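Here the structure is laid out as structure tokens; the discussion comes afterwards.
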There are 2 protein chains.
Amino acid sequence: MLLALISQEPRSGYEIRKILVTTPMAHYSDSPGSIYPALKRMEKRGLVRSEEESVGQRKRQRYACTRKGNSALKQWLIKPVNRADVMYNLDELLLRFAFMQALSRRETLAFLADLEQHLERHVIELKKFFAGVKKAMPITGRLAMESGIESYEATLRWARRAKKELASV
Amino acid sequence: MLLALISQEPRSGYEIRKILVTTPMAHYSDSPGSIYPALKRMEKRGLVRSEEESVGQRKRQRYACTRKGNSALKQWLIKPVNRADVMYNLDELLLRFAFMQALSRRETLAFLADLEQHLERHVIELKKFFAGVKKAMPITGRLAMESGIESYEATLRWARRAKKELASV
DNA sequence: TATATCATGTAATGCGTTACATGATTTA
DNA sequence: TAAATCATGTAACGCATTACATGATATA
């Protein structure tokens, strides 16, 4: 996510932190103890390059994406969708999707097709599992499972709609 | 979650790991490097008590919930729902709900009422934010935001249904 | 008799969280 | 002139991940 934000335009740690508190990405930690060390690690790995600016006495480090950083970002974006990610990291998949403006329509649609397919299978298996155990479950457990299944179904409906919408643009 | 599983009935680390791979809780890590140290920490804190069993040469540690553990579990379950949890830890809230069979109907309904209220407000604020920025967003960003909003709406619908269902039992 | 499963662990590494810290500049 | 905001960091602590390791028992 940091790479994606920096690749949109060069940004400082503080600007990134502000984005993290003022947008729905608030989900992710904006603590200085996570952001600043992460930026330094990325710089050490050659993914970003920092330039020191000075306004009066005040200094700020603005980070820009390197060629290597851009290609790492692209690899992350086009990484094939797998079952495990759909089950455990759906949030990350949607985050990736949010940053796909730089990808081709074809690549973005391929991602959505994969996502749809894995979601479909996952919902089917969840329902199969649920059918086998629901009679033995306490009511709160049963309802919680239904909530999980319905969330996946909502995302599945969204994926289908997103595919149509993107294809028609 | 470990406490909740152990409070249902005494369990060994290995049994807990099996539950984590064979149920929708697969979400959470089943690695021995997380489970076994966590159980030891919980024992050190007096939340669980281990009994060593022997079947032939083979040993197993079975952990049982102590009084202190049961009360910590209950505190976790009845903890008031806040806005931040709805935004960042919705999964944990649903996990808590899944283990509420030991709570009174009143306590469980109070949880759902809180959840519903916070979800409602959150959806309203997300939509307000979205209305202000959607024209400036690239299509994938826009769609990703819609996915987020729709997920929360699906959970909100579920919470309302769950409330009715629980109240009618 | 080889392989799978039962069962429990440890060690290295990395990183997030929390809390603390500093100094510049803007706003009330 | 006090408080808020800009801006960037460090240190202690805890814990998850990954990989490695061990030995018993069941199954093919």
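Below, chain A is the first sequence line, B the second, and so on; all start at residue 1. Only a predicted model underlies this, so the values are computations on that prediction, with no experimental measurement involved.
Taking a 4.0 Å limit (strictly below) on heavy-atom distances, residues 13-25 of chain B reaches DNA chain C at B:G13, B:Y14, B:R17.
Contact record, A:P37 with A:P32: CD-O, 3.3 Å, taken as the closest heavy-atom pair. A pairwise comparison of heavy atoms in A:W76 and A:R96 identifies O-NE, 3.0 Å as the closest pair. Heavy-atom minimum distance, B:L103 versus B:L77: CD1-CD1, 3.8 Å. Looking at every heavy atom in both residues, A:P10 comes nearest to A:E15 through O-OE1, 4.1 Å.
In this view, A:K59 satisfies the side chain to side chain donor-acceptor pair (under 3.5 Å) rule with no residue, not counting sequence neighbours. For A:E107, the side chain to side chain donor-acceptor pair (under 3.5 Å) criterion is met by A:K74, A:S104, not counting sequence neighbours.
Under 4.0 angstrom from either OP1 or OP2 of C:dC15 there lies at least one side-chain N or O belonging to A:R41. Residue A:Y36 places at least one side-chain N or O under 4.0 Å from the OP1 or OP2 atom of D:dT8. The phosphate of D:dG9 has neither OP1 nor OP2 within less than 4.0 Å of any side-chain N or O from A:K59. Residue A:R60 places no side-chain N or O under 4.0 Å from the OP1 or OP2 atom of C:dT25. When the side-chain nitrogen and oxygen atoms of A:S12 are compared with OP1 and OP2 of D:dA7, none of them lie within a distance under 4.0 Å.
Both B:L95 and B:M42 belong to a common hydrophobic cluster when Ile, Leu, Val, Met, Phe, Trp and Tyr are linked at side-chain heavy-atom distances under 4.5 angstrom.
The B:Q61 side chain lies nearest to C:dG9 when the options are C:dT10, C:dG9, D:dC15.
In this structure, OH of A:Y63 is placed 10 Å from C1' of D:dG9, rounded to the nearest angstrom. Between A:E53 atom CD and C:dT25 atom P there is a gap of 15 Å when expressed in whole angstrom units. To the nearest angstrom, P of C:dG16 lies 10 Å from CE of A:M1. For B:Y28 and D:dT17, the OH to C1' distance is 18 Å, given to the nearest whole Å. Distance A:E51 CD to D:dT8 C1': 17 Å, rounded to the nearest Å. Note: CD1 (B:I35) to P (D:dC15) measures 14 Å, nearest angstrom. What separates CG of B:D30 from C1' of C:dT8 is a distance of 14 Å, to the nearest Å.
Nucleic acid contact class of B:R45 (heavy atoms, under 4.0 Å, all strands): sugar-phosphate only.
Screening residues 39-67 of chain A for ring-ring contact (aromatic ring centres under 6.0 Å, His included), with sequence neighbours left out, gives no hits.
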What pairs of nitrogen or oxygen atoms, one from the protein and one from nucleotides 18-24 of chain D, lie under 3.5 Å apart?
residue, atom, partner, partner atom, Å
D:dA24, N3, B:R58, NH1, 3.2

Cut-off 3.5 Å, no hydrogens considered: what does the side-chain donor-acceptor table look like for residues 137-149 of chain A, sequence neighbours left out?
residue, atom, partner, partner atom, Å
A:T140, OG1, B:F97, O, 3.4
A:T140, OG1, B:A98, O, 3.4
A:T140, OG1, B:Q101, N, 3.4
A:E146, OE1, B:R161, NH2, 2.5

